[in-house]
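Have a look at the structure below, then the notes.
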Number of protein chains: 2
Amino acid sequence: MLAAADVLQKRGYEATTMKDIAAAVDLTAASLYHHFRNKDELLLGVLEAGLETVLVRFEPILKAEVPPEEKLRRMIREHVVGVAQNTSVGAAMVFEIRSLISAADRTISGLGKLSAEERAAFLARRDAFFARRDVFEESFRQVIRDGISAGVFRPVDVPIFVNTLLGAHNWVGVWYKSGGRLSGEAIASQMAETFLRALMK
Amino acid sequence: MLAAADVLQKRGYEATTMKDIAAAVDLTAASLYHHFRNKDELLLGVLEAGLETVLVRFEPILKAEVPPEEKLRRMIREHVVGVAQNTSVGAAMVFEIRSLISAADRTISGLGKLSAEERAAFLARRDAFFARRDVFEESFRQVIRDGISAGVFRPVDVPIFVNTLLGAHNWVGVWYKSGGRLSGEAIASQMAETFLRALMK
DNA sequence: GTCATAATCGAATGTGGATTTGATTATTCT
DNA sequence: AGAATAATCAAATCCACATTCGATTATGAC
């Protein structure tokens, strides 16, 4: 799946062939079908794994007994560092979401391929992914609401602010190149500073 | 090209067929080839037009005799409002850049299609687009440098800050739905406020 | 060592979609 | 009107995939 993420980052979902992905792990395209039912499930696997990784790393932060501003700072750092460490998955999270959204239509149009049950199972799994993603985003919204209630953050429109924040984070996967002038950590710190200053009273 | 942008936003470059685009303007796929040499040039046309629109709107702002903080505020508003007004083009600017980057490879692999001269012409036009995009991004960097020199902005890492800013802006094209709770103007104001607070000393 | 199962591959299969071709039909210009 | 040019289309071409099939080769259990 990591290899797939790499190829996906370079070429994009539709342009990436099963052969490309297979070549990246020294296999033939046919062999991939022992491990993934089809191309859509492979993509979904990539995204699921990436999202769960971040969610796991967020757990200790969210339950820590620290003030909202410190919590948010840690979340931003963790997310940005995560994206920078694995830009291929980060970029997939940005670019390939849409393939997933329209997967329903495409699957339906290419009917005959999958059975009704298989299709339903896939869509359910996809929706579960989106639900998990919302859990992730909601954790940011909650921390910011807490900070506003506590009076340490100025009152902002929380959904807009979080979209702003996440746009900046996601974009890191697009422009960050490891080995560049700054480390992922350094970038994460800068961004945390930026958004905390924007938020503090 | 606007119709193409719409279809592109929904389906993505590779998944969008010439037939889809043609249908959006009540034509057949074949007819499109009277107006665009091929699919890549159509995409490039969409992106070029979108970028030039923003660049034109930036001109008066950049030459205005106002302090850096006011200049930046206007630029942010203009850009965000522009993206919100035309999310399809905004989203294309985010999602389809990669198709353009890898266009060289794809074109080369599908050799026999284009002549060497046609290929060179296309690549030159593509590079010109990226150069224009850099002009756009550089204008943000310059204003921020000016503000730092003038002592009104705190010293930040300018490239990182601008990437942060542009990530947030671009993302608007992904999540904004017209007719939602807030207008593009309102969102633009919020975002300008966020980034100016992050920057002011 | 043998059997079952997992992995792998080479060679089809079938299809969707970009692009071309060769007319046919509008427009425009004079 | 009549010629020249622009737009349009239906049908054909052509090929790059995703996916399947059948057979072959590891691997692991006992």
Side-chain angles (χ1 to χ4, degrees), chain A residues 1-5 7-8 10-46 92 96 98-100 102-119 121-122 126, chain B residues 1-5 7-8 10-46 92 96 98-100 102-119 121-122 126:
Chain A
M1 286 182 345
L2 286 176
V7 183
L8 243 26
K10 288 177 197 131
R11 306 218 196 297
Y13 182 69
E14 300 288 344
T16 297
T17 72
M18 290 300 267
K19 200 177 157 195
D20 289 338
I21 299 171
V25 286
D26 273 309
L27 286 179
T28 63
S31 300
L32 288 184
Y33 285 82
H34 256 275
H35 307 280
F36 302 92
R37 202 182 315 275
N38 56 43
K39 198 181 166 187
D40 281 337
E41 296 219 342
L42 176 49
L43 167 63
L44 189 45
V46 168
E96 312 309 346
R98 196 184 23 176
S99 301
L100 221 49
S102 63
D105 313 335
R106 281 184 293 114
T107 305
I108 286 167
S109 74
L111 79 171
K113 303 259 180 163
L114 265 50
S115 72
E117 301 82 46
E118 286 174 319
R119 183 154 54 239
F122 175 77
R126 181 197 64 164
Chain B
M1 285 182 344
L2 286 176
V7 183
L8 242 27
K10 288 176 198 133
R11 305 218 196 298
Y13 183 67
E14 300 289 343
T16 297
T17 72
M18 291 298 270
K19 200 176 157 194
D20 289 338
I21 298 172
V25 286
D26 273 308
L27 287 180
T28 63
S31 300
L32 288 184
Y33 285 82
H34 255 275
H35 307 280
F36 303 92
R37 203 183 314 278
N38 56 43
K39 199 181 164 188
D40 281 338
E41 296 219 342
L42 176 49
L43 167 63
L44 189 45
V46 168
E96 312 309 346
R98 196 184 23 174
S99 302
L100 221 50
S102 63
D105 314 335
R106 282 184 295 115
T107 306
I108 286 166
S109 75
L111 78 172
K113 303 257 180 162
L114 267 49
S115 72
E117 302 81 47
E118 286 174 319
R119 183 154 54 239
F122 174 77
R126 181 198 64 164

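The basis for the numbers below is simple: all heavy atoms, side chains too, and nothing from hydrogens, waters or symmetry mates. Letters A, B, ... are given to chains in the order of the sequence lines, protein chains preceding strands, and every chain is numbered from 1.
The nearest whole Å value for the distance from the CE atom in B:M18 to the P atom in D:dC15 is 19 Å. A straight line from CG of A:D40 to C1' of D:dA18 spans 11 Å, rounded to a whole angstrom. Regarding B:L32, its CG atom lies at a distance of 14 Å from the C1' atom of C:dT20, rounded to whole Å. Per the geometry, NZ belonging to A:K39 stands 13 Å off C1' belonging to C:dG16, to the nearest Å. Summarising the geometry, the separation between CD on A:E14 and P on C:dA18 is reported as 11 Å, rounded to the nearest angstrom. Here D:dT19 presents its P atom at 10 Å from CG of A:L42, a figure rounded to the nearest Å. Whole-Å rounding puts the A:L43 CG to D:dA18 P distance at 13 Å. Here the P atom of nucleotide C:dA12 and the OH atom of A:Y33 are 18 Å apart, to the nearest Å.
At C:dG17, none of the side-chain N or O atoms of B:K19 fall inside 4.0 Å of OP1 or OP2 (strictly under the cut-off). Within the 4.0 Å cut-off from OP1 or OP2 of C:dA7, not a single side-chain nitrogen or oxygen of A:S31 is found.
Stacking of A:K39 on the aromatic ring of A:Y33 is not recorded, the 6.0 Å distance cut-off and the 45° axial limit not both being met.
Pairing each heavy atom of A:A15 with each of A:D20, the nearest pair is O-OD2, 4.0 Å. Looking at every heavy atom in both residues, B:A24 comes nearest to B:A3 through CB-CB, 4.0 Å.
Residues B:E14 and A:Y13 have side chains not in contact (no heavy-atom distance under 4.5 Å, counting atoms from C-beta outward). The shortest side-chain heavy-atom distance between A:F36 and A:M1 falls under the 4.5 Å cut-off.
Remark: nothing in residues 20-28 of chain A comes within less than 4.0 Å of DNA chain D through any heavy atom.
The listed nucleotides are D:dC21, D:dT19, C:dT20; the one nearest the side chain of B:A30 is C:dT20. The side chain of A:N38 sits closest to D:dT19 out of D:dT19, C:dT20, C:dG10. In this structure, of D:dT20, C:dT19, D:dC17, it is D:dC17 that holds the atom nearest to the side chain of A:T17. The B:H35 side chain lies nearest to D:dA7 when the options are C:dA18, D:dA11, D:dA7.
Side chain of A:R98 to main chain of B:R11: no donor-acceptor pair is present (N/O by atom type, distance under 3.5 Å, no hydrogens or angles). No donor-acceptor pair under 3.5 Å is formed between the side chain of A:S31 and the backbone N or O of A:L27.
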